[in-house]
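One structure is given below, encoded as structure tokens.
Every chain is numbered from 1 and lettered A, B, ... according to where its sequence line falls, protein lines coming before strand lines.
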2 protein chains.
Amino acid sequence: MARPEPIRFRRSTLGEDVYETLKGLVLEHSLSPGDRINIDALAREFAVSPTPVREALARLEADGLVRKRPLVGYTVSPLLTRAEFEAMFEMRLLLECASTRWAAERADTARREAISGEAATTVASEEDDPDGWHAAFTVLDARFHDLIAEASGNELLRDGINRLHAHLHLHRRYFPYAQASATTEEHRRIAAAILAADPDAAEAAMRDHLSSARERHLAAFD
Amino acid sequence: MARPEPIRFRRSTLGEDVYETLKGLVLEHSLSPGDRINIDALAREFAVSPTPVREALARLEADGLVRKRPLVGYTVSPLLTRAEFEAMFEMRLLLECASTRWAAERADTARREAISGEAATTVASEEDDPDGWHAAFTVLDARFHDLIAEASGNELLRDGINRLHAHLHLHRRYFPYAQASATTEEHRRIAAAILAADPDAAEAAMRDHLSSARERHLAAFD
DNA sequence: CCATGAAACATCCTATAGGATCCACGATAT
DNA sequence: ATATCGTGGATCCTATAGGATGTTTCATGG
């Protein structure tokens, strides 16, 4: 807990900036799951008053990233249990498959090509910074799935997927896995099916991808 | 805009109570879609300070019930457009069908019977209070779907469904429809299939139910 | 040695006040 | 008449301070 950066920001409102910053701290594990969050301490650290911090925490709670016990305080949400993780992947399977199918059915040409382009992109292999590499890969993965969700044309679906992605990201940071090559190949297959406007193939490819990803991640629970 | 109730509540924290109260006001249309929300005025009305009101609004924004423009103010979220409404029902179809299938597959006996019981319940037909009757029917419907979602054993799924229900409710209040008898019958079929542990039949029944409901609601857009 | 109760502490929660920003209105120039 | 600019008012946003609550510690009795 040593981040004595005053952090001078002012994009629009302090509450907004504190929210984004805090979200980043949680997602990159500068704040660990289970940690208690001292509002006054955070306020001092950010050189702001507790008021915008409270507002940011209220929003983070709605995202499920922090938990609140009234008159006691906030804590960073604990890591998913195995059961919760399985439930999360059930939900992902549901949402992502639909997202992919609809993208294959409805997306305009520009979006289809954008998805293919994203799938073709690979992370520069900086061997000297495995941690940074993993982060870059995660960003790439999130963007790929979000592009598909956007192409599905259903913003509620997109929101739901992104909401899950935050928790997936959280889990990944704790149990990084290195099988990125398989993931990239699976992404290419999905993108190809979407480009070909083949909903069945696209959904099947996404289903395979998520099933494989699920297996890869489940190893962390052993 | 005349609700001079001081509102003395103290369940746990003021922020929590204000959140629940405001949510109720929006859902029952005491605050109409598009209305500007004056933080100070609300605080005076509730006899609290603006601070907990802000916190409640931050949470409501995450629920999608209010919209925020930084440095300008909050407004009640506008009613769903036809396209958004269709997207919402697409999402509902996805989530509720899975919810029903899993409930039929996994639920324990007690929950199956609870669902059947809820489906068998009918709203007392108070002819003198059609508005109250409609509200009661809405509550019944929400509880039925939530019971199934709970029985599905996936809390994330349940959250997602309830999130959608808030918007459905909002739309319903503006365009009340009276075909409750059909709804009740459809509920019974779903409950029967779940009780019989027949996932395919349960999912199909839910699909029919939602398709019918979609048709009933879509009339409001003509 | 363990259980119970009370007091001190830390922290959260709320109210109030002032600075900052946006919007609306009106005046002036073209 | 229209467009542009400046001013006033309303409202939001943030900081500070004090009351309220939960937690912990420590002493006391069994």
Without decimals, in angstroms, what is the distance between [X] [atom1] and [N] [atom2]?
X: B/E16; N: C/dC12; atom1: CD; atom2: C1'; answer: 15 Å
X: B/R59; N: C/dC13; atom1: CZ; atom2: C1'; answer: 14 Å
X: A/E55; N: C/dC12; atom1: CD; atom2: P; answer: 17 Å
X: B/R69; N: D/dC13; atom1: CZ; atom2: C1'; answer: 16 Å
X: B/I39; N: C/dT14; atom1: CD1; atom2: P; answer: 16 Å
X: B/L14; N: D/dG19; atom1: CG; atom2: P; answer: 17 Å
X: B/L71; N: C/dT21; atom1: CG; atom2: P; answer: 8 Å
X: B/R44; N: C/dA15; atom1: CZ; atom2: P; answer: 14 Å

Any side-chain N or O of [X] less than 4.0 Å from the OP1 or OP2 oxygen of [N]?
X: A/R54; N: C/dC13; result: yes
X: A/N38; N: C/dC12; result: yes
X: A/S49; N: D/dA15; result: yes

(Q) Can you tell me how the ring of A/H217 sits relative to the ring of A/H171, calling it parallel under 30°, perpendicular over 60° and tilted otherwise? (A)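 Perpendicular: the ring planes of A/H217 and A/H171 meet at over 60°.
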
(Q) Just to be sure I understand the rule, does B/I37 reach a base, reach only the sugar-phosphate, or reach nothing, if contact means heavy atoms closer than 4.0 Å? (A)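 B/I37: backbone/sugar contact only, no base atoms under 4.0 Å.
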
Q | Whichever of B/T51 and B/V72 has its nearest DNA chain D nucleotide further upstream toward 5' | A | B/V72

Q: Verify the neighbour count for atom CZ of A/R173: are there more than 12 heavy atoms of other residues, nucleotides or ligands below 6.0 Å?
A: yes

Q) Less than 4.0 Å between a side-chain N and a carboxylate O, is that true for B/E150 and B/R143? A) no

Q.
Keeping A/D35 on the side-chain end and A/V76 on the backbone end, is there a donor-acceptor pair under 3.5 Å?
A.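 No, because the side chain of A/D35 does not come within donor-acceptor range (under 3.5 Å) of the backbone of A/V76.
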
